[in-house]
Amino acid sequence: MMSDQYIKLLEGIVKISKLEIFWNTCKMPPLWYFGLIQLAHVITVNYATINPACECIVYQSLGGTEGRFNSPNFPQFYSKGIECILFTFIGDVGELVEIKLTDFDMMYPDVNKTCQDYLRLFLKLNRPEINENMQHNYELCGSMSTLQQKTFYSKDRSLIMEFHTTRPIGQQLTFFKGFRGFFRFLDARQFVSDGVKQSGTMCSWDFSTSKLSGKFFSPLYPQNYPSHSKCQYTFYGQPHEGTVYIQFQNLQIYDEGVDSCSKSSDRIAIYDGMNSSQPLIKYLCGIKNQEEVKSTTPYLYIEFLSDGRNQRQGFAANYTFQHKSHSNLPSYSNPGKSCLSLSDLHTVVHI
């Protein structure tokens with residue numbers, strides 16, 4: 001166990017009422033980290049790492065916990081020779097992890113487009129541990145302006161970021177500030193579609209008036225949708241009695257800079273009926289919020305397609321089966337380009 005003097009030092013810096021500290025195979029986080037915390041419950045934990053020299057910092061959810069994180073010395077320059085710092089986020093059962101980078105300033109990739117200093121993200125973990133054989137999902141370096149994506153989500157309850165800098169040659173400090181961001185633990189149930197999944201499919205759903213309103217999502221949402229997706233969402237209203245109203249709350253579909261969403265390999269196609277042989281209402285792609293669509297019949301069919309390149313977050317949408325007498329929304333017009341082509345604390349922390 002640690003000395004009373006060291007515990008007293010930590011209590012003075014972190015301002016906590018109770019402190020539990022345990023030894024493990026990871027090194028104790030350095031004092032630069034404790035200076036960041038306003039309120040914390042501090043532990044180290046015995047999880048496998050890619051390197052025995054890794055410093056392990058663990059953020060444990062206490063039910064919807066949120067807070068902030070940053071690289072050593074931020075906003076001052078970070079040091080060279082940081083072998084490995086693992087930022088590990090562990091949610092409760094049924095939670096996902098959201099990471100949002102608000103500042104990012106690291107060494108740019110070399111002429112071979114290889115990151116010498118990097119922040120690696122491991123998003124698809126079944127357990128809060130990694131080893132040297134595991135493949136990261138993203139490797140980030142450069143600046144905020146060069147990042148194609150700034151918000152990331154875990155597939156399950158755990159997410160790990162690995163921070164590494166090159167060994168010093170000459171001066172110990174770099175001329176880069178590192179990174180800063182926020183984290184949240186989210187209830188995974190809010191991202192479950194309300195329909196009935198079609199047997200044997202990855203992402204095709206049926207929706208009926210047994211539930212008059214609800215939500216549906218692109219596959220893996222809020223993570224990026226997978227490559228080569230082909231998903232169908234079919235809405236079955238009561239014959240002769242109503243229409244289907246759809247509101248896309250969030251739409252992020254890679255559109256390749258095309259002048260029409262009909263030409264985009266990643267797109268949403270919406271049809272006024274039960275299948276794609278019915279009249280087309282519109283195509284959707286790009287980045288857009290609050291896009292609304294209404295059928296003229298009790299049925300609506302939506303198809304989502306993606307190719308093998310440049311996945312984005314996808315979409316989150318609400319649906320409502322409406323009686324015709326209660327529906328005043330305008331009917332659809334001729335299909336066209338219906339997308340934008342945009343380029344893309346109460347803190348409780350466990351260490």
### Task
Please determine if Glu139 and Arg120 form a salt bridge, counting it only when a charged side-chain N lies under 4.0 Å from a carboxylate O.
yes

### Query
Is Lys177 salt-bridged to Asp105, going by a charged N under 4.0 Å from an acidic O?
no

Is the backbone of [Y] close enough, under 3.5 Å, to the side chain of [X] for a donor and an acceptor to pair up by distance?
{"X": "Asp187", "Y": "Arg189", "answer": "yes"}
{"X": "Asp103", "Y": "Arg180", "answer": "no"}
{"X": "Ser306", "Y": "Pro226", "answer": "yes"}
{"X": "Ser213", "Y": "Thr320", "answer": "no"}
{"X": "Glu256", "Y": "Ser265", "answer": "yes"}
{"X": "Ser218", "Y": "Tyr225", "answer": "no"}
{"X": "Asn224", "Y": "Gly314", "answer": "no"}
{"X": "Thr165", "Y": "Ile82", "answer": "yes"}

Do the non-hydrogen side-chain atoms of [X] and [Y] ever get within less than 4.5 Å of each other?
{"X": "Ile160", "Y": "Leu125", "value": "yes"}
{"X": "Ile99", "Y": "Leu159", "value": "yes"}
{"X": "Leu62", "Y": "Phe185", "value": "no"}
{"X": "Ser61", "Y": "Phe89", "value": "no"}

Please determine, by modelled atom types, if [X] and [Y] share a side-chain donor-acceptor pair under 3.5 angstrom.
{"X": "Thr166", "Y": "Gln116", "answer": "no"}
{"X": "Glu292", "Y": "Tyr245", "answer": "yes"}
{"X": "Asn250", "Y": "Gln252", "answer": "yes"}
{"X": "Gln249", "Y": "Gln290", "answer": "yes"}

Taking the six-membered ring for Trp, are the ring centroids of [X] and [Y] within less than 6.0 Å of each other?
{"X": "Phe315", "Y": "Tyr221", "answer": "no"}
{"X": "Phe74", "Y": "Phe179", "answer": "no"}
{"X": "Tyr319", "Y": "Phe207", "answer": "yes"}

### Task
Flag yes if more than 12 heavy atoms outside Asp110 fall under 6.0 Å of its CG atom; otherwise flag no.
yes

#### Entry: Within 6.0 angstrom of Lys155 NZ, more than 12 heavy atoms from elsewhere
no

Report, one line per pair, each donor and acceptor closer than 3.5 Å where one atom sits in a side chain of residues 230-237; sequence neighbours left out.
| residue | atom | partner | partner atom | Å |
| --- | --- | --- | --- | --- |
| Gln232 | OE1 | Ser204 | OG | 2.8 |
| Tyr233 | OH | Phe217 | O | 2.8 |

